**Student:** 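Dropping the structure in here first, questions after.
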Amino acid sequence: MTGTAPKRAFITGITGQDGSYLAELLLSKGYEVHGLIRRASTFNTGRLEHLFVDPHDANPRLILHYGDLTDGSRLVTLLSTIRPDEVYNLGAQSHVRVSFDEPEYTGDSTGLGSVRLLEAVRLAGIECRYYQASSSEMFGATPPPQNESTPFYPRSPYGAAKVYSYWITKNYREAFDLFAVNGILFNHESPRRGETFVTRKITRAVARIAAGEQKELHMGNLDAVRDWGYAPEYVEAMWRMLQHDTPQDYVVATNTAYTVRDFLQFAFERAGLEWEKYVRFDERYLRPTEVDALVGDFGLAQRELGWTPKVTTPKLAQIMVDHDMAALASGGAHLNDVVDWTA
């Protein structure tokens with residue numbers, strides 16, 4: 001981009017797993033990246049620490065702004081000021097089980113948050129491309145394999161909120177000629193996955209059990225079938241969607257199917273352990289309505305975007321266990337260190 005201004009991106013949910021990987025990717029491509037973070041009494045920028053540049057430097061390329069998807073006026077102000085070329089809406093209350101406990105907040109942040117951001121784009125009068133993080137949870141009870149034409153049948157408040165976000169994004173694309181796309185991402189994990197999500201809960205427990213710091217792991221439904229991919233590869237697909245000539249919705253997945261039990265086996269075997277000796281059932285981890293099987297057909301993304309996943313579940317489990325064992329051995333601090341770098 002020599003001789004021209006760098007592209008500018010705005011990311012909600014930048015402190016999460018996907019947001020941090022996307023920020024890395026865009027910075028590596030020369031973008032100026034702006035992120036939305038919620039104000040908290042404790043720092044929550046641990047996943048971004050390695051990208052930190054002192055904001056007092058003359059030309060920082062990663063700038064964070066306080067705000068929230070529940071505050072539409074703040075979104076208009078930020079977008080009017082930043083005037084990004086690309087907007088990625090990754091922010092949400094994204095824990096499916098928690099959405100049953102907090103359905104109203106989930107609907108407000110995950111569902112209505114998307115229309116607030118789309119409306120902010122429209123009211124700010126900016127020319128940009130918009131990415132909406134949609135979810136395989138929208139398919140819910142519809143049998144696999146699921147693709148872009150599969151009917152939605154959500155089985156949680158989170159899934160229902162994501163269906164709203166999906167359709168409002170399509171509506172703004174058609175009503176206002178906005179370059180807006182939905183990335184329907186199936187489960188994707190990494191060492192940066194939140195510690196309450198099932199895959200990271202498993203790999204952290206494996207590390208602690210192997211080190212003698214934990215005796216048991218309590219789990220819910222082990223028969224659920226999921227299509228697990230690797231988050232750094234999935235954010236590449238997000239970026240490719242916004243570089244395409246025309247706006248189009250895409251499924252991002254691996255088209256492979258494994259149960260939670262399979263993931264347990266892969267993870268414990270990596271540490272030389274037999275999972276059956278340590279895992280105990282706890283009905284508190286069951287959802288009121290279960291999603292039996294999510295397996296995605298990524299054929300359209302492969303044909304039109306040239307995107308193909310490389311990491312599937314067995315390798316993913318190894319990556320995550322290796323990370324958590326190394327983190328525990330080194331004191332477990334490097335993902336939890338935080339820096340306050342907002343103005």
Side-chain angles (χ1 to χ4, degrees), residues 7-29 31-40 42-53 55 60-71 74-75 78-79 82 84-95 106 109-110 113-114 116-118 120-121 128-135 158 161-162 165 169 181-197 199-200 229-242 252 335-342:
K7 276 190 174 181
R8 189 175 297 142
F10 179 74
I11 304 173
T12 72
I14 194 170
T15 59
Q17 169 189 255
D18 291 5
S20 65
Y21 283 123
L22 180 61
E24 272 184 7
L25 176 69
L26 297 181
L27 288 169
S28 75
K29 294 181 179 295
Y31 279 64
E32 177 182 302
V33 177
H34 294 256
L36 185 74
I37 65 170
R38 288 176 294 174
R39 179 65 184 173
T42 56
F43 299 149
N44 57 1
T45 54
R47 293 184 179 95
L48 300 171
E49 182 203 2
H50 63 294
L51 302 175
F52 175 71
V53 176
R61 289 199 300 119
L62 177 59
I63 303 104
L64 302 183
H65 308 267
Y66 288 124
D68 196 289
L69 285 170
T70 62
D71 185 351
R74 175 61 172 162
L75 296 175
L78 284 173
L79 290 181
I82 297 167
D85 302 289
E86 297 172 4
V87 173
Y88 296 85
N89 185 25
L90 313 184
Q93 191 301 101
S94 58
H95 198 288
T106 300
S109 60
T110 306
S114 59
R116 291 188 188 100
L117 188 57
L118 283 162
V121 168
C128 72
R129 297 188 171 196
Y130 178 95
Y131 173 86
Q132 172 61 41
S134 291
S135 169
Y158 171 76
K162 283 294 188 180
S165 293
T169 298
V181 305
N182 286 286
I184 307 173
L185 272 57
F186 281 62
N187 295 69
H188 48 289
E189 319 295 316
S190 76
R192 297 183 193 171
R193 189 56 144 155
E195 296 170 358
T196 60
F197 289 84
T199 53
R200 188 77 195 289
Y230 189 37
E233 295 180 350
Y234 281 41
V235 300
E236 170 79 21
M238 297 177 189
W239 176 78
R240 291 191 183 202
M241 290 180 208
L242 294 196
V252 179
L335 273 186
N336 298 317
D337 292 344
V338 291
V339 179
D340 185 13
W341 50 347
T342 52

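Since the model is a prediction, treat every value here as computed from it, not as a measurement.
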**Student:** Verify side chain to side chain donor-acceptor pair (under 3.5 Å) between Arg192 and Ser20, making sure each step is shown before the conclusion.
**Tutor:** CA-CA 9 Å; Arg192 297 183 193 171; Ser20 65; 3.0 Å; yes
**Student:** Considering all heavy atoms of both residues, which atom of Asp18 and which atom of Ala231 are nearest to each other, and what is their separation?
**Tutor:**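 The answer is OD1-CB, 4.0 Å.
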**Student:** Between CG of Leu25 and OH of Tyr31, what distance do you get to the nearest 0.5 Å?
**Tutor:** 8.5 Å
**Student:** Where the side chain of Arg193 meets the backbone of Arg200, is there a donor-acceptor pair that is under 3.5 Å apart?
**Tutor:**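 Not a single qualifying donor-acceptor pair exists.
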**Student:** Taking all non-hydrogen atoms of both residues into account, name the closest pair between Arg116 and Thr70 and its distance.
**Tutor:** NH1-CA, 3.5 Å
**Student:** At what distance, to the nearest 0.5 angstrom, does CG of Leu79 lie from CG of Leu117?
**Tutor:** 6.0 Å
**Student:** Taking Arg74 for the side chain and Tyr66 for the main chain, is one N or O donor matched with an acceptor at less than 3.5 Å?
**Tutor:**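 Confirmed, Arg74 side chain pairs with Tyr66 backbone.
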**Student:** Kindly give the heavy-atom pair with the smallest separation between Lys162 and Ala133, and that separation in Å.
**Tutor:**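 In terms of heavy atoms, the two residues are closest at NZ-O, 2.5 Å.
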**Student:** Name the orientation class of the two ring planes belonging to His95 and Phe197 (parallel below 30°, tilted from 30 to 60°, perpendicular beyond 60°).
**Tutor:**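 It falls in the tilted class, 30° to 60°.
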**Student:** For Ile63 and Ile82, what are the C-alpha separation, side-chain angles and deciding distance, and is it a side chain to side chain contact (heavy atoms under 4.5 Å, CB included)?
**Tutor:** CA-CA 10 Å; Ile63 303 104; Ile82 297 167; over 6 Å; no
**Student:** Test Ile11 against Leu26 for side chain to side chain contact (heavy atoms under 4.5 Å, CB included), laying out the working first.
**Tutor:** CA-CA 10 Å; Ile11 304 173; Leu26 297 181; 4.1 Å; yes
**Student:** Heavy atoms, side chains only, cut-off 4.5 Å: are Ile14 and Leu62 in contact?
**Tutor:** yes
**Student:** Going through the checks in order, is the side chain to side chain contact (heavy atoms under 4.5 Å, CB included) test met by Trp239 and Tyr131?
**Tutor:** CA-CA 9 Å; Trp239 176 78; Tyr131 173 86; over 6 Å; no
**Student:** So Leu22 and Val33, side chain to side chain contact (heavy atoms under 4.5 Å, CB included) or not? Walk me through it.
**Tutor:** CA-CA 10 Å; Leu22 180 61; Val33 177; over 6 Å; no
**Student:** Can you list the residues that meet the ring-ring contact (aromatic ring centres under 6.0 Å, His included) rule with Tyr234, with sequence neighbours excluded?
**Tutor:**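 Counting only residues at least two positions away or on another chain, Tyr234 forms a ring-ring contact (aromatic ring centres under 6.0 Å, His included) with His188, Trp307.
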**Student:** Out of curiosity, Arg61 CZ to His34 NE2, how far, rounded to the nearest 0.5 Å?
**Tutor:**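 It is 11.0 Å, given to the nearest 0.5 Å.
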**Student:** Looking only at heavy atoms, what is the nearest atom pair of Ser165 and Asn182, with distance?
**Tutor:** O-OD1, 4.1 Å
**Student:** What's the spacing between Leu36 CG and Leu64 CG if we round to 0.5 Å?
**Tutor:** 9.5 Å
**Student:** How long is the straight-line distance from OH of Tyr21 back to CD of Glu233, given to the nearest 0.5 Å?
**Tutor:** 11.0 Å
**Student:** Looking at Met238 and Leu185, what are the two nearest heavy atoms and their distance?
**Tutor:** CE-CD2, 3.6 Å
**Student:** For Gln17 and Glu189, work out which heavy atoms get closest and say how close.
**Tutor:** OE1-C, 3.4 Å
**Student:** At what distance, to the nearest 0.5 angstrom, does NE2 of His65 lie from OG1 of Thr12?
**Tutor:** 13.0 Å
**Student:** Under 3.5 Å, is there a donor-acceptor pair linking the side chains of Gln93 and Thr106?
**Tutor:** yes
